[in-house]
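Working notes, beginning with the structure itself.
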Amino acid sequence: MVTKVIFTFAIFLFSSLQRTEASSHWSYPDRDLDEAFPNWGGICDTGTRQSPIDLSVSKSLKGVFDELKLDNFNDKQTGVTIVNNGHSIQLANFNNEMEVEGGPLLDDYVVEQIHLHWWSEHTINSVRYPLEAHIVGRNKRYANVTMASNFKDGLTVIAVLYHVSNERNKAIDQIIDYLEEVKEFDKLNQPVRMKNPFVVRELFPKLNGYMTYAGSLTTPSCAEAVTWIVLSETFPVTLKQIDSFKEVQCEEKRTLKNNYRDLQKVNNRPVIVVLPEEKSAAGGANPLQLSVGSLLLVLLVSKFL
Ligand SMILES: *[C@@H]1O[C@H](CO)[C@@H](O)[C@H](O)[C@H]1NC(C)=O
Ligand SMILES: [Zn+2]
């Protein structure tokens, strides 16, 4: 009897260990070896609003929204941590809260973490870029990222794409400076504090319009909770800088040569292109439209009197 109980318990323990292993252990294929992209399971394989996608300008819809606001992005952030989590290089622990609001967003989002993908996950008109930064924001309605990922409006990710250049990107160099300390396999998941203040705005090109659509996280759980905001303007990076990231180890004796997910089906989702704001057009409705609108209202009201 006792042996049977122990045996059953051992089986249970073993299967639950396997389950955690399956859900936490996922990886990118080695594209140099033509490895097939793995099935990550769950909604990653069955979802219909997955990311990344190809952003085709010619197939997108024109949108006009309130101004997209990035609050406190110019602040000097001290004590920012940088970690190799085996899937990316990630920055977190910003002492000054940064917020994203406006644009397509109906709520305020607080920046939780920033991480990088080499090469880019999104393509624009089928063109891939050497690097993509993801600035992940959580809707303040929800207590944490895990909670937020259960809701369609839970998260926003601002994506910055970098193009190949001969000009080194200074903000990216500030991250590369710490790669030596975090890149080895035995340093996995051990955050290091950045010694110098880091200004997140320096990772961005000028705000010159963006494309937005409803999608998912591009890593497991692949939750379909993300309002994507992909900036139209791209920023320079050198291929030599990208080579530094390719040395990051994800497993023993295996480097993370690339960490971008395959393109997903658009499935007729609207992709909205927002052109840069024209300052002269700001400041309210056209007086002609206003008077026509009021006239219609007067006519409608009089009809009901
Ligand atoms: C997230 O918030 C929920 C609700 O407050 C809480 O139950 C849960 O433990 C939190 N999870 C994490 C990872 O902090
Ligand atoms: Zn990402």
Side-chain angles (χ1 to χ4, degrees), residues 26 28 37-70 88 100-109 111-112 114-117 119-129 131-139 141-142 145-162 207-234 259-277:
W26 54 272
Y28 293 100
F37 204 93
N39 291 327
W40 284 341
I43 203 169
C44 303
D45 302 334
T46 59
T48 55
R49 288 190 289 117
Q50 289 291 294
S51 296
I53 58 170
D54 177 51
L55 300 164
S56 160
V57 177
S58 68
K59 288 180 192 159
S60 59
L61 304 176
K62 183 187 164 83
V64 177
F65 296 111
D66 288 345
E67 188 191 350
L68 178 67
K69 291 205 189 98
L70 307 177
S88 184
V100 185
E101 57 176 315
L105 306 171
L106 299 176
D107 292 307
D108 292 357
Y109 290 71
V111 173
E112 291 277 355
I114 299 175
H115 62 266
L116 302 171
H117 296 267
W119 301 340
S120 74
E121 299 214 285
H122 289 91
T123 56
I124 300 183
N125 297 328
S126 301
V127 176
R128 196 175 294 280
Y129 290 71
L131 184 68
E132 179 167 339
H134 286 163
I135 294 97
V136 181
R138 164 183 55 88
N139 190 330
R141 281 171 193 273
Y142 310 117
V145 172
T146 314
M147 278 291 287
S149 67
N150 295 320
F151 300 90
K152 193 173 180 291
D153 64 354
L155 302 167
T156 188
V157 181
I158 300 184
V160 180
L161 304 187
Y162 298 79
L207 284 185
N208 204 8
Y210 54 88
M211 296 175 89
T212 180
Y213 76 98
S216 74
L217 296 173
T218 64
T219 54
S221 64
C222 306
E224 296 184 334
V226 180
T227 302
W228 280 93
I229 299 177
V230 181
L231 303 187
S232 304
E233 185 88 14
T234 60
N259 59 353
Y260 64 92
R261 187 185 189 195
D262 273 357
L263 290 173
Q264 304 294 304
K265 288 200 178 79
V266 177
N267 292 328
N268 219 26
R269 271 176 288 176
V271 174
I272 299 163
V273 60
V274 179
L275 298 177
E277 296 207 14

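Note that these values count all heavy atoms, side chains included, but never hydrogens, waters or copies made by symmetry. Model, not experiment: these values are computed from the prediction.
Annotation: side chain of Leu70 is in contact with side chain of Leu207 (closest heavy-atom distance under 4.5 Å). Under the 4.5 Å side-chain criterion, counting only non-hydrogen atoms from C-beta, Met211 is in contact with Val57.
A donor-acceptor pair under 3.5 Å is formed between the side chain of Asn259 and the backbone N or O of Leu116. In this structure, the side chain of Glu121 engages the main chain of Arg261 through a donor-acceptor pair within 3.5 Å. For Glu224 (side chain) and Cys222 (main-chain N/O), no donor-acceptor pair under 3.5 Å exists by modelled atom type.
To the nearest 0.5 Å, the span separating OG on Ser56 from CG on Asn125 amounts to 5.5 Å. The distance from the CZ atom of Arg128 to the CG atom of Leu161 is 10.5 Å, given to the nearest 0.5 Å. The distance from the CG atom of Asp45 to the CD atom of Gln50 is 8.5 Å, given to the nearest 0.5 Å. In this structure, OG1 on Thr156 lies 4.0 Å from CD1 on Ile229, to the nearest 0.5 angstrom. Annotation: the span from Ile272 atom CD1 to Leu55 atom CG amounts to 12.0 Å, rounded to 0.5 Å. A distance of 7.5 Å separates CG of Leu217 from CH2 of Trp228, quoted to the nearest 0.5 Å.
Listed here is the closest heavy atom pair of Ala223 and Ile43: N-CG2, 4.4 Å. Here the shortest heavy-atom pairing between Thr212 and Pro104 reads OG1-CG, 3.6 Å. What you find for Asp153 and Tyr109 is that their closest heavy atoms are O-OH, 2.7 Å. Contact between Ser51 and Gly215 at its shortest, heavy atoms only, is OG-CA, 3.4 Å. Nearest heavy atoms, Cys44 versus Gln264: O-OE1, 4.4 Å. Between Thr146 and Asn150, the closest heavy-atom pair is O-ND2, 3.7 Å.
Sparse packing is recorded around CG of Leu106, with 12 or fewer heavy atoms of other residues, nucleotides or ligands lying under 6.0 Å away.
Ser120 meets the side-chain hydrogen bond (donor to acceptor under 3.5 Å, both in side chains) test with no other residue; sequence neighbours excluded. The salt bridge (charged side-chain N to carboxylate O under 4.0 Å, His left out) test applied to Arg269 returns no partner, not counting sequence neighbours. In this structure Tyr142 satisfies the ring pair (Phe, Tyr, Trp, His ring centres under 6.0 Å) test together with Phe151, sequence neighbours excluded.
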Leu231 and Tyr210: side chain to side chain contact (heavy atoms under 4.5 Å, CB included), yes or no, with the steps?
CA-CA 4 Å; Leu231 303 187; Tyr210 54 88; 4.2 Å; yes
Steps toward side-chain hydrogen bond (donor to acceptor under 3.5 Å, both in side chains) verdict (Asp54, Thr123):
CA-CA 5 Å; Asp54 177 51; Thr123 56; 2.6 Å; yes
Could you please spell out the steps behind the side chain to side chain contact (heavy atoms under 4.5 Å, CB included) verdict for Leu68 and Val274?
CA-CA 10 Å; Leu68 178 67; Val274 179; over 6 Å; no
List the steps and the verdict of side chain to side chain contact (heavy atoms under 4.5 Å, CB included) for Lys265 and Asn267.
CA-CA 5 Å; Lys265 288 200 178 79; Asn267 292 328; 3.5 Å; yes
Trace of the side chain to side chain contact (heavy atoms under 4.5 Å, CB included) decision for Ser149 with Leu155:
CA-CA 7 Å; Ser149 67; Leu155 302 167; 4.2 Å; yes
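Taking the six-membered ring wherever Trp is involved, the centroid distance between the rings of Trp119 and Tyr162 does not fall below 6.0 Å. For His122 and Tyr213, the distance between ring centers is under 6.0 angstrom.
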